[in-house]
Amino acid sequence: MTNLRRRAVIAVDLDYFYAQCEEVRDPSIRDKPVVICVFSGRTEDSGAVSTANYVARELGVRSGMPIAFAKKILKSHQDARFLPMDLEYYQSVSERIMEIIRSKGEKFEQASIDEAYLEIGRNDGDDFGLAEDIGRKIKEEILSSEKMMSTVGIGQNKLMAKMAVDSKKPNGFTIIPAGSERLFLNPLPAGKLFGVGPKTEKKLNSIGIRTVGDLASADQKLLSDLFGKKLGPELHEMANGIDESLVLDRPAEQFSRIVTLKRDSEGFDFYDVLKPLCEDLSSKLSYASIKCKSIGIIAITNELKVKTRAKTISEAIQSSDKIQEIASELFSSFFGKQYNPDEGRFKVRRIGVRISDFVESGDSKANTLEDFL
DNA sequence: AATACCGGCGAGT
DNA sequence: TCATACTCGCCGGTATT
């Protein structure tokens with residue numbers, strides 16, 4: 001019954017990643033406001049801000065903000081740069097940096113394009129000494145080989161490592177010593193706890209919980225009643241710095257592609273719009289040597305409500321044409337039914353395709369045999 | 001009764 | 001202000017076995 005796992009977890013976060021990639025590519029923009037934009041193509045400036053460097057953030061630019069608003073804020077800054085998101089480039093930078101991190105330990109997990117965890121074994125009494133050395137090495141190597149600033153956080157689990165990262169960025173290096181979790185967490189507003197977003201925070205506030213400390217000592221039955229049998233207990237554990245989740249690098253379980261339409265539509269010829277989305281998804285499948293058994297569509301209405309429909313098939317597929325055929329069917333019945341009294345009538349602003357339920361495919365002998373039988 | 005699937009929602013980058 | 005493009009996880013409801 002040695003349930004006491006002594007571990008040190010290092011979290012690495014690449015600072016303002018997309019914008020920093022652009023700074024590395026063109027160092028002359030380093031001290032200018034840099035805003036990474038996803039242009040939707042509806043009008044000149046329609047779309048949203050993906051991320052921005054700290055020069056722009058200090059002037060008030062935030063991710064998720066409409067591009068037009070960011071431009072208004074930076075009106076008096078003629079040197080500001082509004083650059084279109086170049087995900088392929090960021091992806092290639094990310095892959096090289098992830099290799100640096102992965103090579104420094106045995107248990108590695110990539111959490112997003114710019115975040116990763118590394119687990120380091122720890123002896124009793126050893127206060128993250130080894131983890132600290134490795135964390136510093138990672139930071140140095142990312143800086144020397146990619147000229148990129150990063151933030152490192154260390155704690156006894158993924159949650160605490162993440163909270164350490166969030167406590168000081170950019171260019172941070174924070175350790176939360178084992179045993180001092182509550183001290184660190186208690187004074188924070190509940191919404192700062194990883195996983196507690198605006199909705200959950202509002203609900204917590206409504207029952208008098210404002211800080212993580214309040215949450216840590218809240219009535220557990222009340223939490224379960226309000227948040228369910230999973231999130232309720234989990235909130236209480238997290239507030240106490242407890243997180244047993246493993247550092248584990250798993251393959252993706254779904255892919256999706258989505259675009260904004262030129263104008264809101266009630267029904268349209270979706271063939272042309274769907275085609276490139278399905279082609280992208282198909283090539284991702286092919287690259288990973290997998291097929292999918294579930295195909296879904298996503299529609300975002302003019303009121304920004306998300307609607308989804310999905311279909312599971314018995315025969316796994318990979319080709320763009322087959323994905324597109326099923327997605328088209330789903331859209332047809334979706335538009336066919338959108339006038340029923342339940343749903344009401346709405347227009348669609350963005351549409352997308354999603355695939356999941358992956359199975360191995362391709363060159364294994366087992367597959368050849370299965371095909372034969 | 002257990003499991004699978006579906007669609008909505010919340011959170012994060 | 002006028003609101004992107006992803007990924008993951010949970011919830012409750014319903015269908016399947």
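Letters A, B, ... are given to chains in the order of the sequence lines, protein chains preceding strands, and every chain is numbered from 1. Heavy atoms only: backbone and side chains are in, while hydrogens, waters and symmetry mates are out.
For the pair A/Ala310 and A/Tyr18, both in contact range of DNA chain B, the more 5′-proximal nearest nucleotide belongs to A/Ala310. When each of A/Glu253 and A/Phe227 is assigned the nucleotide of DNA chain C with its nearest heavy atom, A/Glu253 is the one assigned upstream, toward the 5' end. The residue among A/Arg257 and A/Glu234 whose nearest nucleotide of DNA chain C is located toward the 5' end is A/Arg257.
As rounded to whole Å, 18 Å separates atom P of C/dA5 from atom CE of A/Met65. Following rounding to the nearest Å, A/Asp280 (CG) and C/dT7 (P) show an atom-to-atom distance of 11 Å. One interatomic measurement links the two molecules: CG of A/Asp166 to P of B/dT13, which rounds to 6 Å at whole-angstrom precision. The distance between atom CD1 of A/Ile300 and atom P of C/dA5, rounded to the nearest whole Å, is 8 Å. Between A/Arg309 atom CZ and B/dC9 atom C1' there is a gap of 14 Å when expressed in whole angstrom units. Between the CD atom of A/Gln254 and the P atom of B/dG7 there is a distance of 14 Å, rounded to whole Å. Note: CG (A/Leu231) to P (B/dG10) measures 12 Å, nearest angstrom. Between the C1' atom of B/dG7 and the NZ atom of A/Lys305 lies a distance of 13 Å, rounded to the nearest Å.
No engagement by A/Ser50 is indicated, since no non-hydrogen atom pair under 4.0 Å with the nucleic acid exists. Within 4.0 Å (heavy atoms only), A/Gly296 reaches no atom of the nucleic acid at all. A/Leu304 comes within 4.0 angstrom of a base, heavy atoms only. Heavy atoms of A/Val49 sit nowhere under 4.0 angstrom from any nucleic acid atom. Among the protein residues, A/Lys311 comes within range of the sugar-phosphate backbone only, with heavy atoms under 4.0 Å from sugar or phosphate atoms but none that close to a base. Among the heavy atoms of the strands lying under 4.0 Å from A/Arg349 are primed sugar atoms or P, OP1, OP2 only; no base atom is included. Within the nucleic acid shown, A/Thr200 comes within 4.0 Å of sugar-phosphate atoms alone, with no base atom in reach, counting heavy atoms only. A/Phe39 comes within 4.0 angstrom of no nucleic acid atom, judged by non-hydrogen atoms across all strands. Note on A/Ala111: nothing from the nucleic acid sits closer than 4.0 angstrom, heavy atoms only. Counting any heavy atom pair closer than 4.0 Å across all strands shown, A/Lys162 reaches sugar-phosphate atoms only and no base atom. Counting any heavy atom pair closer than 4.0 Å across all strands shown, A/Lys284 reaches sugar-phosphate atoms only and no base atom. As judged by a 4.0 angstrom heavy-atom cut-off over every strand, A/Thr260 is placed among residues touching the sugar-phosphate backbone only. Looking at heavy-atom distances under 4.0 Å, A/Phe17 makes no contact with the nucleic acid at all.
Checked against A/Ile101 for a side-chain contact (heavy atoms from CB on, under 4.5 Å), the options A/Val152, A/Ile138, A/Ile134 give a single hit: A/Ile138.
Among C/dC8, C/dT4, C/dC2, the nucleotide with an atom closest to any side-chain atom of A/Ala48 is C/dT4. Comparing C/dA5, C/dT7, B/dT13 by their nearest atom to the side chain of A/Asp114 picks out B/dT13. For A/Arg250, the listed nucleotide lying nearest its side chain is C/dC8; candidates were C/dC8, B/dG12, C/dC6. Minimum atom distance to the side chain of A/Ile258 is reached by C/dA5, of the listed B/dT13, C/dA5, C/dT7. Candidate nucleotides C/dA5, C/dT1, B/dG12 were compared by shortest atom distance to the side chain of A/Val38, and C/dA5 ranks first. Taking only side-chain atoms of A/Lys230, from C-beta outward, the nucleotide of C/dC8, C/dC11, B/dG10 with the closest atom is C/dC11. Considering only side-chain atoms of A/Lys307, the nucleotide from B/dG8, C/dT4, B/dA11 that sits closest is B/dG8. Comparing B/dG7, C/dT1, B/dA11 by their closest approach to the side chain of A/Pro66 singles out C/dT1. Which of C/dA3, C/dT7, C/dC2 sits closest to the side chain of A/Ser46 comes down to C/dA3.
Taking side-chain N and O atoms only, A/Ser63 has no distance below 4.0 Å to OP1 or OP2 of C/dT4. OP1 or OP2 of B/dC6 has at least one side-chain nitrogen or oxygen of A/Thr312 nearer than 4.0 Å.
Remark: C/dT4 base-pairs with no nucleotide in the shown strands. Criterion, Watson-Crick or G-U wobble with two distances under 3.5 Å.
A salt bridge between A/Arg102 and A/Asp249 is present, with a side-chain N of the basic residue lying under 4.0 Å from a carboxylate O of the acidic one. A salt bridge is defined here as a Lys NZ or Arg NE, NH1 or NH2 lying under 4.0 Å from an Asp or Glu carboxylate O, and A/Asp15 with A/Lys169 fails to meet this definition. Salt bridge A/Glu115/A/Lys162: present, at least one basic N to carboxylate O contact under 4.0 Å. The residues A/Glu279 and A/Lys275 are annotated as salt-bridged, a charged nitrogen and a carboxylate oxygen being separated by less than 4.0 angstrom. Looking at A/Glu315 and A/Lys293, no side-chain N of the basic residue comes within less than 4.0 Å of a carboxylate O on the acidic one, giving no salt bridge.
The aromatic rings of A/Phe334 and A/Phe346 sit tilted, their planes meeting at an angle between 30° and 60°.
For the residue pair A/Glu23 and A/Tyr16, a side-chain donor N or O sits within less than 3.5 Å of a side-chain acceptor on the partner.
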